[in-house]
Amino acid sequence: MRFVDEARIIVRSGNGGNGCVSFRREKYVPRGGPDGGDGGKGGDVILRATDKLLTLYDYRHAAVQEAESGRPGAGKLCFGRAGADRIIEVPVGTQAYEETEDGETLIADFTRDGQELPVARGGRGGKGNTHFKSSTMQVPRFAQPGEAGEEKYIRLELKVFADVGLLGLPNAGKSTFISAISAAKPKIAAYPFTTLTPNLGVVLDDQGRKLVVADIPGLIEGAHAGLGLGHTFLRHVERSRFLVHILSAEDVHLENPMAGFQILDEELRRFDPALAGKSQLRVINKVDLLDEARLEEMRAAFSGRGVLFMSALEGAGVEEVLAAMWARHHDAVAAEEGEDRDEPGY
């Protein structure tokens with residue numbers, strides 16, 4: 001299934017059912033009073049987050065989402081059935097914006113499985129004529145119509161909700177790495193921009209714990225301004241707990257060894273300073289392309305900087321990188337749980 005991270009939909013809640021005009025007619029009650037029942041309420045349109053979806057693809061070709069209208073009332077005080085709600089399931093990480101003539105407003109940020117929000121309320125059912133009987137109106141020959149439902153224009157935007165965001169310049173070997181550590185099967189080739197959509201990989205440890213890793217398409221200098229794949233994918237690292245920044249050994253210059261990492265660090269800072277402040281694990285990939293002497297020179301140049309080395313293609317150093325990712329993940333989760341306990345009322 002294609003990865004789609006933005007969709008526009010029109011939502012329409014159901015109309016309320018009309019109230020009924022009816023009078024009691026029985027063999028021994030020739031002049032019975034009004035007994036028209038109420039109409040049923042129209043169905044709501046509800047957005048609901050689920051962790052079973054990873055894309056908004058379903059709504060690219062289903063732009064109109066409608067709830068059922070309520071049924072009209074009937075005689076003998078029979079109330080009309082309420083219309084069924086329309087549940088729109090979206091991936092966890094989706095943000096919903098309501099679009100109006102004045103612009104758009106964020107109305108929901110779905111961050112957990114099962115979270116939901118009614119975005120269009122169904123119309124109320126109309127009252128039957130039994131409600132309008134009075135001492136001065138014994139035979140009301142009218143009832144209340146049901147209220148119309150709502151129509152709204154909604155823009156859905158998905159920001160991948162992963163534990164780890166993989167960053168790197170084009171052809172850094174991120175797709176090879178995510179294939180090596182997970183069941184993800186991204187397209188891999190030796191040219192830039194092989195990855196055109198974020199790939200999600202899931203890593204499980206011996207205790208059944210899950211680590212969700214997002215391979216973000218290769219960024220280039222100027223990405224913050226929309227160059228290359230730019231804004232399209234930078235937003236997908238905003239929710240990651242931490243980043244793994246991969247640099248190809250081919251892009252390392254010993255006279256300034258950190259320069260390759262600094263290119264994307266600056267792009268993150270200019271796009272969103274909070275991104276630049278995220279914890280990073282820095283990795284040099286493709287060491288299989290180096291001879292022993294060159295590799296030793298490179299290790300010396302990065303000494304004391306906390307940089308790891310690996311060959312995702314041949315597997316050398318991959319386990320060390322994965323172990324460091326688990327450790328960083330453990331620290332991030334522990335920090336989040338500590339923040340939750342510090343909140344009032346915990």
Side-chain angles (χ1 to χ4, degrees), residues 3 54 160 162-219 233 236-237 240-254 257-258 260-261 263-264 279-333:
F3 180 85
L54 297 174
V160 169
D163 298 306
V164 186
L166 290 186
L167 291 181
L169 294 169
N171 205 27
K174 302 187 314 315
S175 295
T176 305
F177 176 63
I178 202 172
S179 293
I181 63 173
S182 75
K185 299 298 180 184
K187 184 179 180 182
I188 300 171
Y191 53 86
F193 298 119
T194 299
T195 304
L196 298 178
T197 63
N199 292 300
L200 291 182
V202 177
V203 184
L204 297 175
D205 69 2
D206 295 337
Q207 302 176 35
R209 293 178 302 178
K210 183 171 65 174
L211 187 67
V212 181
V213 184
D215 171 15
I216 307 302
L219 302 175
F233 299 118
H236 290 300
V237 297
S240 301
R241 286 191 165 105
F242 65 95
L243 307 175
V244 174
H245 193 159
I246 297 179
L247 181 66
S248 171
E250 301 168 296
D251 296 325
V252 174
H253 303 286
L254 295 183
M258 297 298 292
F261 289 119
I263 291 173
L264 291 191
S279 173
Q280 280 196 26
L281 186 64
R282 300 181 189 272
V283 181
I284 301 295
N285 188 28
K286 300 189 180 181
V287 298
D288 54 285
L289 301 178
L290 308 176
D291 59 31
E292 285 296 327
R294 178 68 174 177
L295 179 56
E296 286 305 313
E297 288 181 336
M298 196 170 292
R299 288 184 184 277
F302 284 102
S303 179
R305 301 177 188 267
V307 175
L308 300 176
F309 293 80
M310 73 174 181
S311 168
L313 181 63
E314 297 184 352
V318 170
E319 287 300 321
E320 289 81 356
V321 173
L322 187 55
M325 289 168 60
W326 276 113
R328 195 69 60 97
H329 177 259
H330 175 78
D331 292 344
V333 171

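Excluded from the calculations below are hydrogen atoms, water molecules and symmetry mates; all remaining heavy atoms, backbone and side chain alike, are included. Numbering of residues begins at 1 and proceeds along the displayed sequence.
For the pair Gly173 and Ala312, the tightest heavy-atom approach, listed with the atom from each and the gap, is O-CB, 4.4 Å. Heavy atoms only, all atoms of each residue included: Met298 and Leu254 are closest at CA-CD2, 3.9 Å. Heavy-atom minimum distance, Leu281 versus Met325: CD2-CG, 3.7 Å.
In this structure, CG on Leu243 lies 5.0 Å from CG on Leu167, to the nearest 0.5 angstrom. Here the CZ atom belonging to Arg305 is positioned 6.0 Å from the CE atom belonging to Met258, to the nearest 0.5 angstrom. Atom CD1 in Ile246 sits 12.5 Å away from atom CG in Asp251 (nearest 0.5 Å). Distance check, rounded to the nearest 0.5 Å: CG of Leu264 to CG of Leu247 gives 8.5 Å. Summarising the geometry, atom CG belonging to Leu308 is positioned 11.5 Å from atom CG belonging to Leu322; distances are rounded to the nearest 0.5 Å. In this structure, CG on Asn171 lies 6.5 Å from CD on Glu250, to the nearest 0.5 angstrom.
When the side chain to side chain contact (heavy atoms under 4.5 Å, CB included) test is applied to Ala327, no partner is found at least two apart in sequence or on another chain. Take Phe261 and apply the ring pair (Phe, Tyr, Trp, His ring centres under 6.0 Å) test, not counting sequence neighbours, and it matches His245. Every residue two or more places apart in sequence or in another chain that forms a side chain to side chain contact (heavy atoms under 4.5 Å, CB included) with Ala332 is listed here: Arg241. For Leu204, the side chain to side chain contact (heavy atoms under 4.5 Å, CB included) partners are Val202, Lys210, not counting sequence neighbours. For Leu295, the side chain to side chain contact (heavy atoms under 4.5 Å, CB included) partners are Val287, Leu290, Arg299, Phe309, not counting sequence neighbours.
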### Verdict with supporting geometry, Ser182 and Val203, side chain to side chain contact (heavy atoms under 4.5 Å, CB included)
CA-CA 5 Å; Ser182 75; Val203 184; 4.1 Å; yes
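Partner of Phe177 under the side chain to side chain contact (heavy atoms under 4.5 Å, CB included) criterion, out of Leu166, Val213, Asn285: Leu166 alone.
For the side-chain hydrogen bond (donor to acceptor under 3.5 Å, both in side chains) condition, the pairs that include at least one residue of residues 308-332, sequence neighbours left out, are Ser279-Arg328, Asp288-Ser311.
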